[in-house]
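Order of the sequence lines sets the chain letters (A, B, ...), proteins ahead of strands, with each chain counted from 1.
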Amino acid sequence: MSKYYLKSIEKITKKCLYDLYKINYNFKLNFQYKKKSYPGDITLVLFSLSKNIKKPIKEIGENIGNYLTNYFNGLIKYYIINGFLNFIFLDGYYIFLLKNMLNPNFYKLNFSSKNILIEFSSPNANKPLHIGHIRNILIGDSISRILSSVGNNIMKIQMINDRGIHICKSMIAWKEFGIRNTPIKTKEKGDHFVGRFYKMFHLIYDKEIKKKSINGKEAPILKKARILLKKWEDGDKETIKIWKMMNKWVYNGFKKTYNELDISFDKTEYESDIYNFGKKIIENGLKNGIFFKKKDGSIWIDLKNEGFNNKLLLRSDKTSVYITQDIGTAINRFNKYKIDNLIYIVGKEQNDYFKILFTILKRLGCIWVSKIYHLSYEMVFLSSGKMKSREGQVISADDLIYQMINMAKKKLKVQCKDYNNYCKTIGLSALKYYFLKVDPSKKIVFYPEKSIDFKGKTGIYIQYTYSRIRSLETKFFEECNITDNYNLSHSIIWDNIYGKNIIKIIKKYPFILKKSAKNLNPSILANYIYEVSKKFNNLYQNKKLIDPFTPIKSNNYMNIIHITGNILKNGMNLLGIKMMNKM
RNA sequence: GAUCGCGUAGCUCAAAUGGAUAGAGCAACUGCCUUCUAAGCAGUAGGUUACAGGUUCGAAUCCUGUCGUGAUCACCA
C-alpha cells in the first residue's frame, strides 16, 4: 500500500469506532486541532465518546490510540491525559499530509450542489451608497464566492428600490429647487447629485414643521411628495419622465462604485417592475380572507398570534408599501427560477421585518418559506454614533474607497508599471479585509479619523506575504537550476518546527472553508488566512529558504511555500480580494 | 415600556459551536536590515471574559437574574 493513499486520522477513527464498538458514529467526533500547552498535533476529546460507548474513558482512549498507531505504522504516536487523546505527528505523517496537499483535489470541495439566489446591496435609488452598503456588498460578494467554491450554483441579485415615497422626496426637491441642473452641468457623480436633493427635502421638511409647528404629515413639501407618488402610480407621463431621468443618474453613479469595488451582479431587479404583482397578491389575499380591510380602505394583516402589531400591506390611497413589493418579489422568484435557497443579506435592523415577511408568505400558502434565509449582519457605527443619512452624518462608499486608494499611493515606495491598478488593489485589500475579518453578527465601529490600517492584521499583511512567496518561487527556479516542477523528496526532514506548523495549519483549509460556507461567515476564512500568513512569515524570517548549495532542502521548502501561496490566493479570492505577485 | 441582540486587554477583533494555562493586531516599551521584500521578525507589559447565581468531569460559550448598550415596535424604506 502506498502511503499516498492513507486516509486521515479523523477518517480512520470513524472506521476504528465501528471495528471496535460497532458504532456508526452519527454523533460528532470531537477533534481539536488547536495546540495547547500539552504536546500533540491533533486531539480527540473522549468525554462525549464515553457517554455513547459506556466504557471507561481511559480504556476507550487506549483502544483507539492503539488501533490508530497500528494503522499509521510509524507515522504517529499517542498519549492520553485527562480524557484527551493526543496524537503526535511524526515526520512520515507530515510527508503524507504534504503529498495530499500537492494534489489539486485538496482545494476542491464539492459537498453541495444547490441553486442559490443571493440578494444583496439593495440600494435606494435616491442617494449614494455608504459605508453600511459596503459591508453588505462585501459580505454578499464573499458568501457568493464561498458557496460557489463548495459546489453550489449561485445567482447574485440586487433589488433596486426605485419607487415609493422616498424617491418622490428627492424628485420634488429637484423639481422645486434644481430643475435647471443636471449632474453633467454640476460635474457631480449622479448618485451624489440626487442624494443632495434628498437631503434638501428633509432640511425643508424640518424647517416647515418647526416654523409652522405642525404635525409632520401636514408639512407642505411632504404633501407634494405624496401627490407625486400618486401621480407616479397613476402613470403620469411627465412624472415618469423625470423619474426615469433621475434614476438613470443614480444608476450611473452606482455602476462606478461597483466597478471600483470590483463587484458585479448576475441580475438586477427593480421594485417598480414587481410592485403591481405584489398588489395583486394582496388583493387576492383579501378575497381569501387572509388579510382584512379597514374602513378607510387600507389593507392589513393580523399578526397578534405572532406577537407583532398588525401590518399594513396597502395604503388607503391604494399605493403600495415596501412589503407589498417584497411579497411579490419572493413569489415571483420562486415561480421564475428553479432555486433551492434564497438568501437575503440585509441589516439586523430588519430582523422583525423578515420574520413578518416569512409569516405572511406562509399564510399565503407558500410552502417554500423554509428555503428562505435572512442573513442578518450588524451595523457599521461611526465613532460619533449612528449614521444618519438624512442629516448627512454618513461616510459615502466613494469617499472611503478614494481614501484607501490615496493612502496606498502615499505608501508606495517603488515605481511600478501599473501604478493605478497597483494602488487600487492595495487600497481595496485593506478595505475589504477590514470589513470581512469581523463576524457579520458583530457590529463594527469605524473611526474616520484613524482610517483603515495598513500594518498588522490587515489585507496588506497578507498581500505582502503572498508577494514574498511568489518572488521566492521565481528566485528558486533561477538560482537552484531546477527547471521542472517541484519535486517532493521522500526524506524531508526539517531541522525546525516552522515547516511542520505550516503543514498543520494548511491541513485545516477544507475544514475552514466548509465551516465558512455552512455558517455563511467569511470572517472565519479571513481570520484563518491571516494565521497561515503568520506561520509563513515565522519560517521566512527565521530560516534561509533558498540556497543553491543545498538544492534538495530548498526544494523541500518550496513545496510548502508553493502550497501556502495557493492557499492564500484561493482564500483571499474568496473574499473578493485580488492578489499581487509583486509589491 | 415591550420584543430581540450584544458586553472578552486602553482601542479594534479572535477563540474549532461546551474542552486543557482565553489568543492576535493597534498603541507603549526592548532588540533585529551589507545576506531570499523590515508593509516584516523576536520579545516585554497589558484579563476575576460587565456583575451575581445555576447546570457538569469542564463555561467567554448553555440557563436565571441584575446592570450597561444597540436595534425594532409608522399609511418610512
Side-chain angles (χ1 to χ4, degrees), chain A residues 28 30-34 36-38 40 43 45-48 50 57 81-84 86 122 124 126 161 163-167 169 216-217 226 271 294 296-300 307-309 311-317 319-323 325 347-353 355 376 378-379 381 386 408 411-414 426 430 434 437-439 441-447 450 453-458 460-461 463-465 467-469 471-476 479 508 511-512 515 519 523-524 526-528 530-531 534 537-547 554 557 561 582-583:
Chain A
K28 198 188 98 203
N30 196 348
F31 270 106
Q32 259 179 262
Y33 301 79
K34 205 193 298 186
K36 284 285 169 93
S37 40
Y38 295 92
T43 300
V45 183
L46 298 170
F47 295 103
S48 50
S50 82
I57 286 179
I81 184 164
N82 300 333
F84 296 93
N86 290 310
S122 317
N124 290 340
N126 65 351
N161 305 125
R163 62 151 295 284
I165 190 71
H166 59 300
I167 302 296
K169 286 176 180 176
K217 286 176 196 165
R226 283 204 186 288
E271 186 184 340
K294 283 192 179 174
D296 61 9
S298 55
I299 301 176
W300 299 71
F308 295 109
N309 292 334
K311 178 83 185 166
L312 174 82
L313 302 174
L314 215 53
R315 292 193 187 97
S316 50
D317 66 358
T319 58
S320 68
V321 287
Y322 194 68
I323 203 160
Q325 166 273 130
K348 77 140 195 183
E349 68 271 22
Q350 297 193 27
N351 279 0
D352 283 355
Y353 174 82
K355 277 184 202 159
S376 162
E378 257 286 5
M379 309 172 66
F381 290 84
K386 202 196 163 188
K411 301 216 172 184
L412 179 61
K413 288 172 188 165
V414 215
I426 293 289
Y434 176 86
K437 75 176 177 185
V438 182
D439 189 315
S441 70
K442 299 263 174 91
K443 56 184 155 195
I444 291 181
V445 182
F446 184 76
Y447 289 79
K450 280 190 190 168
D453 233 319
F454 269 41
K455 52 180 178 171
K457 188 175 178 177
T458 62
I460 307 303
Y461 177 88
Q463 284 282 7
Y464 191 63
T465 310
S467 62
R468 273 178 164 174
I469 287 174
S471 95
L472 272 182
E473 287 186 306
T474 314
K475 199 169 167 153
F476 168 71
E479 292 196 1
K508 284 156 60 177
F511 167 78
I512 294 289
K515 195 177 160 192
N519 295 338
S523 79
I524 296 168
N527 286 305
Y528 168 80
Y530 172 73
E531 296 300 328
K534 224 177 136 177
N537 281 323
N538 288 344
L539 172 67
Y540 181 86
Q541 295 268 354
N542 287 299
K543 292 289 160 190
K544 185 159 175 62
L545 300 175
I546 297 174
D547 187 350
S554 300
Y557 274 129
I561 292 166
K582 261 189 179 173
M583 251 180 99

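If you measure from atom CD of A:Gln350 to atom C1' of B:C73, you get 14 Å, rounded to the nearest angstrom. Taking atom OH of A:Tyr434 as the reference point, atom P of B:C11 lies 15 Å away to the nearest angstrom. One can place NZ of A:Lys437 at 9 Å from P of B:A14, the figure rounded to the nearest angstrom. The nearest whole Å value for the distance from the CG atom in A:Leu472 to the P atom in B:C36 is 10 Å. If you take CG of A:Leu545 and P of B:G40, they are 18 Å apart, rounded to a whole angstrom. In this entry the distance linking CZ of A:Phe308 with C1' of B:U72 reads 9 Å, nearest Å. If you take CZ of A:Phe381 and P of B:G70, they are 8 Å apart, rounded to a whole angstrom. Atom pair A:Gln32:CD and B:G18:P shows a separation of 12 Å (rounding to whole Å applied).
Between the C1' atoms of B:A52 and B:G10, the separation comes to 26 Å (whole Å). Nucleotides B:A9 and B:A28, compared at atom C1', are 13 Å apart to the nearest Å. Using atom P as the reference point in both B:U49 and B:A59, the two lie 12 Å apart (nearest Å). Nucleotides B:A42 and B:C33 place their C1' atoms 14 Å apart, quoted to the nearest Å. Across B:G7 and B:A14, the matching P atoms stand 10 Å from one another, rounded to whole Å. B:A39 sits 27 Å from B:A45 when the P atoms are compared, rounded to a whole Å. With both ends at atom C1', the span from B:U69 to B:C26 equals 24 Å, rounded to whole Å. Nucleotides B:U55 and B:A60 are separated by 16 Å at their P atoms, to the nearest Å.
Within the 3.5 Å criterion, the main-chain N or O of A:Asn126 finds no donor-acceptor partner in the side chain of A:Asn124. Although no hydrogens or angles enter the test, the distance criterion places a donor-acceptor pair under 3.5 Å between the side chain of A:Ser554 and the main chain of A:Asp547. A donor-acceptor pair under 3.5 Å is formed between the side chain of A:Arg163 and the backbone N or O of A:Ser320.
Within the 4.0 angstrom heavy-atom criterion, base atoms lie near A:Asn86. At a threshold of 4.0 angstrom between heavy atoms, the contacts of A:Asp439 are confined to the sugar-phosphate backbone, with no base atom among them. Nucleic acid contact class of A:Tyr447 (heavy atoms, under 4.0 Å, all strands): sugar-phosphate only. Here A:Val438 lies in heavy-atom contact (under 4.0 Å) with sugar-phosphate atoms only. A:Ser467 comes within contact range of at least one nucleobase, with a heavy-atom separation under 4.0 Å. Nucleic acid contact for A:Glu531: none, since no nucleic acid atom lies under 4.0 Å from a heavy atom of the residue. Looking at heavy-atom distances under 4.0 Å, A:Lys442 makes contact with sugar-phosphate atoms alone, never a base. Within the nucleic acid shown, A:Ile546 comes within 4.0 Å of at least one base atom, counting heavy atoms only. Among the heavy atoms of the strands lying under 4.0 Å from A:Ile81 is at least one base atom, whether or not backbone atoms are also near.
Remark: A:Arg468 is not in phosphate contact with B:C41, judged by side-chain N or O atoms under 4.0 Å from OP1 or OP2. Contact annotation: A:Ser471 reaches the phosphate of B:U37 (side-chain N/O to OP1 or OP2, under 4.0 Å). In this model, the phosphate group of B:C76 is not approached by any side-chain N or O of A:Arg163 to a distance below 4.0 Å at OP1 or OP2. Between B:A42 and A:Asn538, a contact under 4.0 Å exists linking OP1 or OP2 to a side-chain N or O. For B:A74, neither phosphate oxygen OP1 nor OP2 lies less than 4.0 angstrom from any side-chain nitrogen or oxygen of A:Arg315. For the pair A:Tyr464 and B:A39, the criterion of a side-chain N or O lying under 4.0 Å from OP1 or OP2 is met.
The shortest side-chain heavy-atom distance between A:Val321 and A:Arg315 falls under the 4.5 Å cut-off. By the 4.5 Å heavy-atom criterion applied to side chains, A:Tyr464 and A:Asn537 are not counted as neighbours. For the pair A:Ile323/A:Tyr353, a side-chain contact is recorded, criterion being any heavy-atom separation below 4.5 Å from C-beta on.
Of the candidate nucleotides B:A39, B:A77, B:A16, B:A77 has the atom lying nearest to any side-chain atom of A:Val321. For A:Lys544, the side-chain atoms get nearest to B:U35 when compared with the rest of B:U35, B:A14, B:A16. Set against B:A20, B:G5, B:C76, the side chain of A:Lys443 has B:G5 as its closest nucleotide. With B:A20, B:C36, B:A39 as the choices, the nucleotide that has an atom nearest any side-chain atom of A:Tyr540 turns out to be B:C36.
Residue ring and nucleobase are not stacked for A:Tyr461 and B:A39 under a centre distance beneath 5.5 angstrom and an angle between planes beneath 30°. Stacking is found between A:Phe84 and the pyrimidine-like six-membered ring of the B:A20 base under the 5.5 Å centre-distance and 30° plane-angle cut-offs. Look at A:Phe47 and the base of B:C57; the rings stack, centres closer than 5.5 Å and planes less than 30° apart.
Ring planes of A:Tyr461 and A:Tyr530: tilted class, angle from 30 to 60°. Taking the six-membered ring where the residue is Trp, A:Phe446 and A:Tyr434 present perpendicular rings, their angle passing 60° and hence far from 30°.
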Point to revise | Paired and unpaired positions of RNA chain B as dot-bracket, Watson-Crick or G-U wobble under 3.5 Å, | denoting a partner strand | key: (((((((..((((.....[...)))).(((((.......))))).....(((((..]....))))))))))))....
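Glycosidic torsion of B:C51 falls outside 90° of 0, placing the base in anti. Its glycosidic angle being more than 90° from 0, B:U64 falls on the anti side.
Among the candidates A:Leu545, A:Ile469, A:Thr465, the single residue satisfying the side chain to side chain contact (heavy atoms under 4.5 Å, CB included) test with A:Tyr540 is A:Leu545.
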Restricting both atoms to N or O, compile the protein contacts to nucleotides 25-31 of chain B shorter than 3.5 Å, with distance only.
| unit_1 | atom_1 | unit_2 | atom_2 | d |
| --- | --- | --- | --- | --- |
| B:G25 | O2' | A:Lys457 | N | 3.2 |
| B:A27 | OP1 | A:Lys455 | NZ | 3.1 |

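Across every non-hydrogen atom of A:Asn82 and A:Phe47, the tightest pair is O-CZ, 3.4 Å. Contact detail for A:Lys544 and A:Tyr557: the closest heavy-atom pair is O-CE1, 4.2 Å. Residues A:Lys437 and A:Lys457 approach most closely at NZ-O, 3.4 Å, considering heavy atoms.
Toward the 5′ end of RNA chain B lies the nearest nucleotide of A:Ser441, the other residue of the pair A:Ile460 and A:Ser441 mapping further downstream. Between A:Lys348 and A:Asn537, the one whose closest nucleotide on RNA chain B sits nearer the 5' end is A:Asn537.
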Exercise for review: Decide side chain to side chain contact (heavy atoms under 4.5 Å, CB included) for A:Lys294 and A:Ser316; before the verdict, give the C-alpha distance in whole Å, the side-chain angles of both, and the deciding distance to 0.1 Å.
Suggested key: CA-CA 9 Å; A:Lys294 283 192 179 174; A:Ser316 50; over 6 Å; no
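For the atom pair A:Asp439 CG and A:Ile524 CD1, the distance stands at 7.5 Å (nearest 0.5 Å).
With hydrogens and angles ignored, a donor-acceptor pair under 3.5 angstrom links the side chain of A:Thr43 to the base of B:A20.
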